2 protein chains.
Amino acid sequence: MSEAVERTRSARMAEIRSAALELFTQLGYPATTMADIGAAVGMKGPSLYKHVASKQDLLVDIMTSTMTDLLDAHQAAVATANHPAERLRRATEAHVRYHTRHRLEAFVGNRELRSLVEPHRSHVLSLRADYEVGFRRLVADGVDSGHFQVTSTRLASYAILDLGMGVSSWYRDDGDLSEDAVVWQYGELALRIVGLCPGASAGTVVTPPGP
Amino acid sequence: MSEAVERTRSARMAEIRSAALELFTQLGYPATTMADIGAAVGMKGPSLYKHVASKQDLLVDIMTSTMTDLLDAHQAAVATANHPAERLRRATEAHVRYHTRHRLEAFVGNRELRSLVEPHRSHVLSLRADYEVGFRRLVADGVDSGHFQVTSTRLASYAILDLGMGVSSWYRDDGDLSEDAVVWQYGELALRIVGLCPGASAGTVVTPPGP
DNA sequence: TCCTTCGGCTAATGGTTATTAGCCAAAAGG
DNA sequence: CCTTTTGGCTAATAACCATTAGCCGAAGGA
């Protein structure tokens with residue numbers, strides 16, 4: 001088998017994955033048929049089985065890779081700063097940036113957990129729990145060191161996480177809010193949520209970078 | 001037909017609705033079968049048709065009544081105050097309170113829009129749009145009158161709405177955060193999001209009412 | 001007491017769907 | 001050039017499911 005063939009083969013696989021992702025987003029996993037996915041890539045339903053093992057496999061693939069990507073982005077972001085506020089800001093920015101760049105993955109990842117069959121559901125749930133713990137720890141660190149003012153660490157971290165998830169519902173690439181604008185503003189909102197009011201004490205409105 | 005019979009008749013209907021709501025939440029609408037709903041109320045699937053017209057009808061009922069309840073709660077809350085900050089706080093409190101008291105309705109309302117068949121989907125979507133406009137206007141009023149500091153009205157109102165929706169994902173009646181505690185704190189968070197930092201300037205942690 | 005309605009049941013019906021089986025053209029590769 | 005693999009197809013399999021049809025016991029009103 002030539003290398004070129006190998007390339008088109010994996011390209012076809014990616015095409016199928018991407019079509020499945022779009023359809024799962026629009027119709028939901030149960031309502032999406034193999035025939036739908038096939039039609040989206042120009043083949044009949046049964047032909048898909050030459051490329052993927054099952055419909056469930058497509059979902060498992062999408063959901064686990066989404067969670068590991070998100071965890072990786074979080075670790076990388078947190079490692080770039082030391083001050084609690086800056087660490088929280090960067091983690092939030094990474095969180096929101098992921099949700100703008102991978103809207104569909106995040107959307108499906110949040111909505112189709114119950115379509116996942118065991119043991120995959122438990123696996124994804126544990127990855128998600130790890131991710132939540134990461135944020136809770138960031139908030140707790142800021143509280144312990146006296147930088148943040150929150151009534152409940154758990155509630156504040158839920159709030160920040162939920163903001164990002166919301167982004168995957170309404171963000172559009174061609175909307176009038178650019179990715180950078182959303183990322184920057186949500187970074188600021190996270191700090192406001194934990195009781196820091198950047199710019200507020202100066203009495204001026206802080207302006208975001210670029211358009 | 002006696003009045004007692006009439007009472008048990010509508011009680012049975014409510015029982016079915018409530019069982020459907022719970023199942024739709026856990027399994028999702030497409031994955032929930034009429035047999036499942038029947039089993040939950042102690043009868044076989046086909047017997048349900050003596051009480052409801054169809055599975056879709058159950059969903060339509062749940063989703064439209066949820067949206068109208070939410071709109072009513074919003075109108076009522078906004079009417080109780082004049083100052084922009086207080087109006088936003090009360091609207092947020094009503095929003096969050098609804099999402100704690102009607103967790104399942106809100107959860108299904110957000111996740112099963114695509115299971116709704118036309119024209120019901122459009123109807124619910126327009127109710128939801130009205131609701132979003134209400135919040136956007138509250139934020140805009142605060143900005144126009146110089147009380148709020150936000151970079152984007154749209155983004156700030158999305159953020160506040162998303163917080164409430166998140167509540168319906170993680171709130172539990174028997175959790176360690178009481179309804180009042182969550183409601184109060186999210187009211188504060190909404191104000192922080194629009195640039196007000198209640199209590200922050202005093203340098204002390206604000207305490208919520210009761211446990 | 002009679003008879004009507006209520007509210008349950010079981011047994012179709014008709015449709016949909018993931019997945020498998022088996023066929024075949026064309027490309028790869030020696 | 002022959003042979004094998006690839007990747008498509010159609011047809012069959014084996015569910016599953018919403019909904020309808022038709023039956024029947026029991027309760028309730030007259």
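Order of the sequence lines sets the chain letters (A, B, ...), proteins ahead of strands, with each chain counted from 1. Note that these values count all heavy atoms, side chains included, but never hydrogens, waters or copies made by symmetry. The structure displayed is predicted, hence computed values, not measured ones.
Atom CG in A/Leu27 sits roughly 11 Å away from atom P in C/dT17 (whole-Å rounding). Atom CG of A/Asp36 and atom C1' of C/dT17 are 11 Å apart (whole Å). When rounded to the nearest whole Å, the span between NE2 of B/His51 and C1' of D/dT20 equals 16 Å. Between the NZ atom of B/Lys55 and the P atom of D/dA18 there is a distance of 4 Å, rounded to whole Å. Atom OH in B/Tyr49 sits roughly 16 Å away from atom P in C/dT10 (whole-Å rounding). Atom-to-atom, CG of B/Leu48 to P of C/dC6 comes out at 17 Å; the value is rounded to the nearest Å. Rounded to a whole Å, the CD1 atom of B/Ile37 is 12 Å from the P atom of D/dC17. A/Lys44 places its NZ atom 18 Å from the C1' atom of C/dG22, with the value rounded to the nearest Å.
Looking at heavy-atom distances under 4.0 Å, B/Lys50 makes contact with a base. In this structure, A/Ser47 reaches the bases: a heavy-atom distance under 4.0 Å links it to at least one base atom across the strands shown.
In this structure, of C/dA18, D/dT20, C/dT20, it is C/dT20 that holds the atom nearest to the side chain of A/Pro46. Considering only the side chain of B/Met43, C/dG8 comes nearest among C/dG8, D/dA18, D/dT10.
Using a 4.0 Å cut-off between a side-chain N of Lys or Arg and a carboxylate O of Asp or Glu, A/Glu22 and A/Arg103 do not qualify as a salt bridge.
The aromatic ring centroids of B/Tyr131 and B/His74 lie less than 6.0 Å from each other. For A/His95 and A/Phe135, the ring centers are positioned less than 6.0 Å apart.
Taking 4.0 angstrom as the limit, A/Arg12 places none of its side-chain polar atoms (N or O) nearer than this to OP1 or OP2 of D/dT6.
A donor-acceptor pair shorter than 3.5 Å can be found between the side chains of B/Arg90 and B/Thr80.
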